Structures are given as C-alpha cells and as structure tokens.
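Report on the structure given below.
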Amino acid sequence: MTGAATAGAAPPLRVVIVDDQALVRAGFAMILAADGIEVVAEAANGAQAVEAVRRTCPDVVLMDIRMPEMDGLEATRRILGGAAATGAPRVIILTTFDLDQYVYAALAAGASGFLLKDVSPEQLVGAVRLVRLGDALLAPAITRRLVERFARTDRGTTLHRELSTLTPREVEVLQLLATGLSNAELAARLVLSEATVKTHVARIMAKLGLRDRAQAVVVAYETGLVTPGAGVGGEPG
C-alpha cells in the first residue's frame, strides 16, 4: 500500500544513494524501497554521484563523505552549486562520526543535515521524508557541538550574509533556530503560532538567500549572531 501510486497522489520520493560500500548501499536501498521510496541510482564515489544526480534529478541524495576519487564534500558542492536552488536535490550526509569536520563543511556547502550510518530503518525513512519537505535534519545537541567546534570565527566566510535586512523578530527567530529548535519548539518559546513561525523562517531564508535551516544555523554562527559556547536559551553543548 505504501509504495502504490494512487490517482492524484504525489509521485514517489526519488533518492540517489552514494557510498563506497556496496553492502551499505544495498541495505539502505532495501529499507527505502520497503517504504515506497524509489531509489533511482546508486554511486560508489563522488564523481559517480554528480553524474547520477544530473541523469536522474532525484529529490534527495544520501551522501557518504569519505570515498575514493571524489569525496562527498566536493560532490555536494558540485551538486548544490551547479543547479538552481529550486531544482537541486536535498543532500543528507552519511557519516560514522557525529563530530566530523567534513560534515560541518558539507552543511556549509548546503547539505540539509546528516545521519550516522547506524541509523535505524525508521529514522532513515523519516529523515528522507523530512528533508524532502524542506526541513533540515538537525539534532539540537549534536548540531550545536558540531557547529561550535568547526565554525569559523572570522567574518570573511563564503556564507557571510548581511543580517541588517532582518527585522528584530526575525533576528530572534534565527538565534533560536541556530540551537536546532523545530518550528513547534520555536512557536512555544516565542508564544507564537506555528504558522507564524513558518512565515518568519521563510522570510529569513528568502532575505539571506538560504536553501534551508541547516545553512541558517551555519550563517548564525559564522556571522557572529550566535557565538560558539554561548548557545541561545539552552544548555551548553
């Protein structure tokens, strides 16, 4: 029932799996297919990934970081840099380490989040569906530690954005968003409706030219809006 297309239903979610280990690719493909998610291509390195994405135009790419010939970071840059923002797929980084400098660099390049390779089948499927909707895959505690460890503190980074275009409320939303809070959590913290929070987040993305919440988190740190170690309204990482 899950995988069957019904009249008027949305087309199946299309995924490319990139990993240099065939068993990892096969396992993820089996999990996704069982939930009605179409795996349109597999790739064993970054170069194959770039070609597969160009050929199949997937919704989501599951991208390993450490691979021969071309790593996942460079592949992510090419995939997200070579397509219009509206046409590029969402990229989820696969890693065996939750504090990997390459994962942070991939988030800065536009990846929508990351998963550990020992993820459960339910978490894998949920993650793919989540980023398809335009959200970011950011576990607050891990995200805070990751960004605080690897965020560059200078103001000359490629992701620097002029924050003066934001309203005071939008600045407040961005500060809280940088801690990894969901829209529902933001709404509760700010005593706003979830719809209003979504509107604020959408305006922040548009004004700063961002693809999703993952890049917003990076920008909040790299522009100095949030400083490593300080957090915003939460416990230290």
Side-chain angles (χ1 to χ4, degrees), residues 73 76-77 80-81 85-86 88 90-93 95 97-115 127 130-131 133-237:
L73 177 56
T76 297
R77 287 178 177 145
L80 299 181
T86 54
R90 302 286 172 174
V91 175
I92 298 175
I93 300 301
T95 180
F97 307 100
D98 64 359
L99 288 180
D100 188 323
Q101 61 181 321
Y102 299 108
V103 175
Y104 172 77
L107 293 178
S112 294
F114 63 94
L115 285 174
L130 179 70
V131 299
L133 298 175
D135 212 336
L137 193 63
L138 300 171
I142 294 177
T143 299
R144 192 179 306 119
R145 297 204 316 274
L146 182 73
V147 176
E148 289 180 0
R149 176 170 294 190
F150 297 114
R152 291 156 60 180
T153 55
D154 64 275
R155 297 301 184 93
T157 66
T158 57
L159 275 180
H160 178 76
R161 297 290 192 277
E162 180 52 69
L163 301 182
S164 64
T165 59
L166 302 182
T167 67
R169 175 61 92 181
E170 288 165 353
V171 170
E172 186 179 16
V173 170
L174 180 56
Q175 286 178 314
L176 290 172
L177 189 155
T179 68
L181 297 183
S182 67
N183 283 344
E185 291 166 334
L186 284 169
R189 182 73 63 90
L190 297 171
V191 195
L192 298 172
S193 71
E194 199 166 336
T196 299
V197 168
K198 288 180 180 178
T199 298
H200 284 312
V201 172
R203 287 176 178 166
I204 291 168
M205 302 298 177
K207 288 181 178 181
L208 301 184
L210 305 175
R211 295 188 69 242
D212 58 27
R213 298 165 78 95
Q215 281 196 309
V217 170
V218 173
V219 166
Y221 278 89
E222 293 200 337
T223 58
L225 181 63
V226 177
T227 56
V232 182
E235 295 87 15

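Source: prediction; values computed, not measured. Along the sequence shown, residues carry numbers from 1.
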Give, for atom [atom1] of [X] and atom [atom2] of [Y], the distance between the pair rounded to the nearest 0.5 Å.
{"X": "T223", "Y": "L174", "atom1": "OG1", "atom2": "CG", "result": "7.0 Å"}
{"X": "R169", "Y": "T199", "atom1": "CZ", "atom2": "OG1", "result": "12.5 Å"}
{"X": "I93", "Y": "L107", "atom1": "CD1", "atom2": "CG", "result": "7.5 Å"}
{"X": "L163", "Y": "I204", "atom1": "CG", "atom2": "CD1", "result": "10.0 Å"}
{"X": "E170", "Y": "Q175", "atom1": "CD", "atom2": "CD", "result": "12.5 Å"}
{"X": "T167", "Y": "K207", "atom1": "OG1", "atom2": "NZ", "result": "5.5 Å"}

Residue pair [X] / [Y]: nearest heavy atoms and the distance that separates them:
{"X": "V217", "Y": "A178", "result": "CG1-O, 3.8 Å"}
{"X": "A127", "Y": "L115", "result": "CB-CD1, 3.8 Å"}
{"X": "L80", "Y": "A88", "result": "CD2-CB, 4.0 Å"}
{"X": "M205", "Y": "A216", "result": "CE-CB, 4.1 Å"}
{"X": "T76", "Y": "A109", "result": "CG2-CB, 4.4 Å"}

Q.
Could you work out, with side chain to side chain donor-acceptor pair (under 3.5 Å) as the rule, every residue matching R203, not counting sequence neighbours?
A. none

Q: Could you list the residues that satisfy side chain to side chain contact (heavy atoms under 4.5 Å, CB included) with A195, not counting sequence neighbours?
A: S193

Q: Would you please test V91 and V131 for side-chain contact (heavy atoms from CB on, under 4.5 Å) and show each step?
A: CA-CA 8 Å; V91 175; V131 299; over 6 Å; no

Q: Please determine which of L177, T196, V197, V173 meets the side chain to side chain contact (heavy atoms under 4.5 Å, CB included) test together with N183.
A: V197

Q) Passes side-chain contact (heavy atoms from CB on, under 4.5 Å), H200 versus L192? Steps please. A) CA-CA 11 Å; H200 284 312; L192 298 172; 4.2 Å; yes

